[in-house]
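Taking it in order: structure first as structure tokens, then the write-up.
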Amino acid sequence: MKYWLLKSEPSSFSFDDLRNSENAQTCWDGVRNYQARNFMRDEMKKGDLAFFYHSSCVEPGIVGIVRVVSKAYPDDTAFDPSDKHYDAASTPDDPRWHMVDVRMERALETPITLSKLKQYKDSELKELALLRRGNRLSVMPIDPSHWKFILKLERAANS
DNA sequence: GCCAACGTTGGC
DNA sequence: GCCAACGTTGGC
């Protein structure tokens, strides 16, 4: 099983939006970056876990955990000319973009803010992709050791 | 709003 | 294949 981090701007789709979705589940559509797509399409497996990260907001950080509940399948928002993420180059016969379904696992008891994560950028979280300079990927893998460490931060913040 | 860091596009 | 122009991301 693999671990991931999924970014979303809360003004567009927040963790609470996920919580309020039917079955606390949603399709992770709109990804239009090849590297992020490849992670979803080629490496994500049903049953994987992912951190839900809020970006471009007052307090960027990890706010919850979701489970991947489907393998990747064509992102049909790319086929809809009225959709914000429409891409004429993607067709049902030859889909360019893919998405997975995710379901809320749980909210973090205490969100782990970006600034908190940065405290460990030269030690425990040195290799964390999120903290790498200039990283803008919206879907990225998380090393199991980093996953565990971040959960430890959550427990520490809550004790 | 600013700006660094990318990724993409398209002319050549 | 090169690279300038442009668009996007996302922290601050």
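Since the model is a prediction, treat every value here as computed from it, not as a measurement. Below, read A as the first sequence line, B as the second, and so on, with proteins coming before strands; counting in each chain starts at 1.
In this structure, A:Tyr73 belongs to a hydrophobic cluster whose other members, linked by side-chain heavy atoms under 4.5 Å apart, are A:Met99.
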Output one letter per nucleotide in nucleotides 1-10 of chain C: B when a protein non-hydrogen atom lies under 4.0 Å from the base, S when only the sugar-phosphate is that close, - when neither is.
------BBBB
Taking distance alone, no hydrogens or angles, what donor-acceptor pairs closer than 3.5 Å link side-chain atoms of residues 111-118 of chain A to residues at least two apart or in another chain?
from, atom 1, to, atom 2, distance (Å)
A:Thr113, OG1, A:Ser115, OG, 3.2
A:Thr113, OG1, A:Lys116, N, 3.1

Let me check something: any side-chain donor-acceptor pairs from residues 119-132 of chain A under 3.5 Å, sequence neighbours excluded? List them with distances.
none

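Residue pairs meeting the ring-ring contact (aromatic ring centres under 6.0 Å, His included) criterion with at least one partner in residues 85-108 of chain A, sequence neighbours excluded, are A:Tyr34-A:Trp97.
Here A:Arg103 pairs with nothing under the salt bridge (Lys or Arg N to Asp or Glu O under 4.0 Å) rule; sequence neighbours left out.
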